[in-house]
Amino acid sequence: MVTAVSVVDKYIDFVRKEAIETPEKSWNKIVLGLKANKWKTKLMPKRNISKGYQKLEAMMMSFVADSLGEEKSYVWSNIFAPCEIIQAFHLNMLSIECLSCYFAGYHLEDHFIDFAQNIGLAPTLCSYHKTFVGAVDSGVIPNPKYAVTTSLSCDGNLNTFRYLEKKKGVPFTFLDIPYEEDEASVTYLADQLRQLTKELEQYFHKSFDIEVLKETIRIENETRKELFRFFELQKKHYYPGELISQLYLMMGTHLLMGRRDFLELIQFMNEDIQTYPIFEGKRILWVHLLPFYQESLRQYFNSSDKYQIIASDIIIDYLEELEETKPFEALARKIIKNIYNGSYERKADMLESLVEQLKPDAMIHFCHWGCKQASGGSVLLKERMKETELPMLILDGDGIDKRNSHDGQIKTRLEAFLELIETEGK
C-alpha cells in the first residue's frame with residue numbers, strides 16, 4: 001500500500017540523488033517539493049500540534065516556497081540583516097541559515113558540507129554556512145541578484161558572502177556592526193543602512209519610501225508586544241508544538257518582523273492558547289540554536305505535556321520598542337543592542353531578566369558546532385544561572401549536521417537533567 005509518507009520519502013530520495021548526480025537540473029524539483037509541502041501544511045496540518053503552530057508552519061513554508069519560486073523577489077542574507085528595509089522595497093529576505101535547514105529536509109546537508117570542505121572550506125566553519133556554500137558551488141542554487149549580511153554574530157558571515165561575490169559574482173552589502181551602544185555607533189550604522197537603501201534602489205530599480213519603513217516599524221512594535229504576551233501566556237497554558245515550531249518562530253521574528261500577516265498570526269496564537277488547559281509540566285527556556293532533527297530532543301519536546309519550551313533567546317534577541325520617527329537610527333540601535341552583539345555579559349543580563357519574568361523551571365543551552373560565542377559563553381551563563389538557582393544543561397552538537405551530534409550522549413545527559421529537575425520540583 002502506497003502512503004502519503006512513502007511518496008514524500010521517495011520524492012526526497014529522488015531529489016537528493018539528482019542534486020548529487022546532476023545538480024544543475026535539481027533546483028526546480030527542490031522548489032516544486034517546497035511548494036507541494038506548502039499546500040500540504042495548509043490543507044493537511046499536523047494534528048498533534050496547536051492551531052497556532054499549524055498556521056505558523058504553513059506561513060513559513062509558503063514564505064520560502066513562494067520566494068524561491070520567483071527569483072527576483074528576494075535577496076540572500078544572514079539571519080540578523082534588517083528585514084524591515086528589504087520589506088520596504090516589497091522584497092523578501094531569505095537567510096542562508098534558514099535555507100540550509102530546508103536543504104536538510106532533503107537530506108542534502110551532508111553532501112553540501114562535504115562538497116564545501118573538499119573545495120577548501122575549514123571543517124570548523126559553521127555548518128549552516130558550509131551547507132549553503134556547498135549548495136551554491138555544486139551548482140544546485142541559481143545565483144541571486146543581491147545579498148546583504150552583517151558582522152553580527154558569526155565571524156563566517158563576511159567570508160561566506162565575500163566568497164559568493166568572488167566566485168559567483170553576487171554583489172552584496174556588508175553592514176559593519178559596532179560593539180558599543182553610544183550615539184556615534186548608532187549614527188555610523190544608520191548611515192550604512194541609508195546607503196543600503198540606495199544600493200537596493202540601484203539594483204532592483206525601485207524607489208525607497210521612508211513612510212513604508214515607518215509603518216513597518218509600527219507593526220513591528222505591536223508584534224513584539226503581542227509576542228511577549230504569548231510568552232506570558234505560555235507560563236500558564238499547555239500549547240503543543242514541535243521542536244521545529246521554535247525554528248519557524250525564529251524565522252518569523254527575523255525574516256517577517258514588521259509584516260501585518262505575521263502580527264495577525266501572533267494575535268491569533270494569543271487568543272488560541274487561552275483555549276488550552278493549564279500546563280502542569282516543566283517549562284524550559286532554550287538558549288541558542290535548535291537542532292530540529294535531533295531524535296531524543298524531539299521525543300521529549302514534540303507535543304509533550306511534560307516539558308514545554310516557553311521561549312528561546314534567539315527568538316527574542318531584542319526587547320525594546322523602536323522609535324518610528326527615526327527609522328534608520330531605530331534599526332541601527334536594534335542591531336547594535338541585539339544580545340548576540342558585543343560582550344556576552346549583555347546576553348547573560350537579558351537571560352537573567354527573562355528568567356525573572358517568565359519563571360522557567362530550567363534552561364537548556366545548545367552549543368552549536370563551530371560557534372565560538374556559544375561555546376565560550378555557556379560556562380559564563382551557567383555561573384550566572386547558579387546565582388538564580390535555575391538548573392541549566394549545556395548540550396554540545398550541531399544545529400544541522402547530524403554527524404556532529406551524538407544522539408546517545410545527548411539522550412543520556414538530557415534524561416539525567418530532566419530527572420534532576422523533576423526531583424527538585426518534588
Side-chain angles (χ1 to χ4, degrees), residues 2 4-41 60-79 92 94-123 125-145 147 156 160-161 163-170 244 247 251 291-294 369-370 398-405:
V2 178
V5 174
S6 65
V7 170
V8 171
D9 289 339
K10 286 180 180 179
Y11 189 78
I12 288 173
D13 292 340
F14 165 71
V15 171
R16 172 181 164 82
K17 185 173 185 292
E18 183 155 281
I20 294 172
E21 296 179 357
T22 54
E24 67 281 357
K25 296 181 180 180
S26 63
W27 181 246
N28 288 338
K29 297 178 181 66
I30 288 174
V31 175
L32 178 63
L34 293 174
K35 288 183 176 180
N37 205 14
K38 158 192 165 180
W39 289 109
K40 176 178 176 291
T41 56
M60 292 306 113
M61 289 304 307
S62 297
F63 173 71
V64 173
D66 293 345
S67 299
L68 294 178
E70 188 177 347
E71 291 183 19
K72 295 182 179 180
S73 70
Y74 62 87
V75 299
W76 291 132
S77 70
N78 77 316
I79 196 68
N92 292 333
L94 292 177
S95 80
I96 64 173
E97 299 94 341
C98 292
L99 186 68
S100 294
C101 293
Y102 281 84
F103 284 136
Y106 285 103
H107 308 310
L108 279 165
E109 76 287 346
D110 57 346
H111 169 65
F112 290 147
I113 289 170
D114 290 344
F115 193 100
Q117 291 181 176
N118 288 337
I119 61 174
L121 268 68
L125 181 67
C126 174
S127 49
Y128 292 93
H129 286 257
K130 286 187 292 188
T131 298
F132 183 75
V133 170
V136 172
D137 249 357
S138 66
V140 170
I141 301 181
N143 293 344
K145 189 175 180 67
T160 297
F161 284 84
Y163 178 84
L164 293 176
E165 181 185 47
K166 182 178 179 181
K167 192 76 179 287
K168 299 294 182 179
V170 179
I244 201 169
L247 175 63
M251 287 176 62
F292 57 93
Y293 66 86
Q294 216 286 320
W369 170 261
D398 197 300
I400 189 170
D401 189 353
K402 303 175 183 65
R403 298 168 299 181
N404 284 335
S405 289

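Counting from 1, the numbers follow the sequence of the chain as shown.
Using a 4.5 Å heavy-atom cutoff, the side chains of Trp27 and Leu68 are in contact. Tyr293 is not listed as a side-chain neighbour of Cys101, based on a closest heavy-atom distance of 4.5 Å or more. Contact check for Ile79 versus Met251: no side-chain heavy atoms found under the 4.5 Å cut-off.
Of all heavy-atom pairs spanning Asp398 and Ser127, the tightest one is OD1-OG, 2.7 Å. Summarising the geometry of Ala104 relative to Phe292, their closest heavy-atom pair is CB-CZ, 4.1 Å, with the distance given to 0.1 Å. Here the shortest heavy-atom pairing between Phe103 and Ala135 reads CE1-CB, 3.7 Å. The minimum heavy-atom distance linking Glu97 with Tyr128 is given by the pair O-CD2, 3.5 Å. Of all the heavy atoms in Ala19 and His111, the pair that sits closest is O-NE2, 4.3 Å.
Taking OG1 of Thr131 as the reference point, atom CD1 of Ile400 lies at 4.0 Å (rounded to 0.5 Å). Put simply, CD1 on Ile113 and CZ on Phe132 are 14.0 Å apart, with the number rounded to the nearest 0.5 Å. From Asp66, atom CG reaches atom CG of Leu34 across 10.5 Å, with rounding to the nearest 0.5 Å. Taking CD of Glu21 as the start and CZ of Arg16 as the end, the distance is 10.5 Å to the nearest 0.5 Å. The distance from atom CG of Leu108 to atom OG of Ser100, rounded to the nearest 0.5 Å, is 11.0 Å. In this structure, Phe161 CZ and His129 NE2 are separated by 7.0 Å, a value rounded to the nearest 0.5 Å.
Tyr11 places a side-chain N or O within donor-acceptor distance of the main-chain N or O of Lys29, the cut-off being under 3.5 Å. In this structure, Tyr106 contributes its side chain and Val15 its backbone to no donor-acceptor pair below 3.5 Å. Remark: side-chain polar atoms of Lys130 are paired, donor with acceptor, to backbone N or O of Pro123 under 3.5 angstrom. Looking only at distances, a side-chain donor or acceptor of Asn118 sits under 3.5 Å from a matching main-chain atom of Asp114.
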**Request:** Show the numbers, then the answer: is there a side chain to side chain contact (heavy atoms under 4.5 Å, CB included) between Leu94 and Leu99?
**Result:** CA-CA 7 Å; Leu94 292 177; Leu99 186 68; 5.8 Å; no
**Asked** Going through the distances and angles, do Ser67 and Asn92 end up as a side-chain hydrogen bond (donor to acceptor under 3.5 Å, both in side chains)?
**Response** CA-CA 7 Å; Ser67 299; Asn92 292 333; 2.7 Å; yes
**Message:** Between Phe112 and Val140, does the side chain to side chain contact (heavy atoms under 4.5 Å, CB included) criterion hold? Intermediate values first, please.
**Reply:** CA-CA 10 Å; Phe112 290 147; Val140 170; 3.8 Å; yes
**Item:** Intermediate values then yes/no, side chain to side chain contact (heavy atoms under 4.5 Å, CB included), Tyr163 and Ile119
**Value:** CA-CA 12 Å; Tyr163 178 84; Ile119 61 174; 3.3 Å; yes
**Message:** Determine whether Lys167 and Val136 satisfy the following criterion, side chain to side chain contact (heavy atoms under 4.5 Å, CB included), listing intermediate values before the conclusion.
**Reply:** CA-CA 10 Å; Lys167 192 76 179 287; Val136 172; over 6 Å; no
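Using a 4.0 Å cut-off between charged side-chain N and carboxylate O, Asp110 and Lys402 make no salt bridge.
The local environment of NZ in Lys25 is sparse, with at most 12 non-hydrogen atoms from other residues, nucleotides or ligands closer than 6.0 Å.
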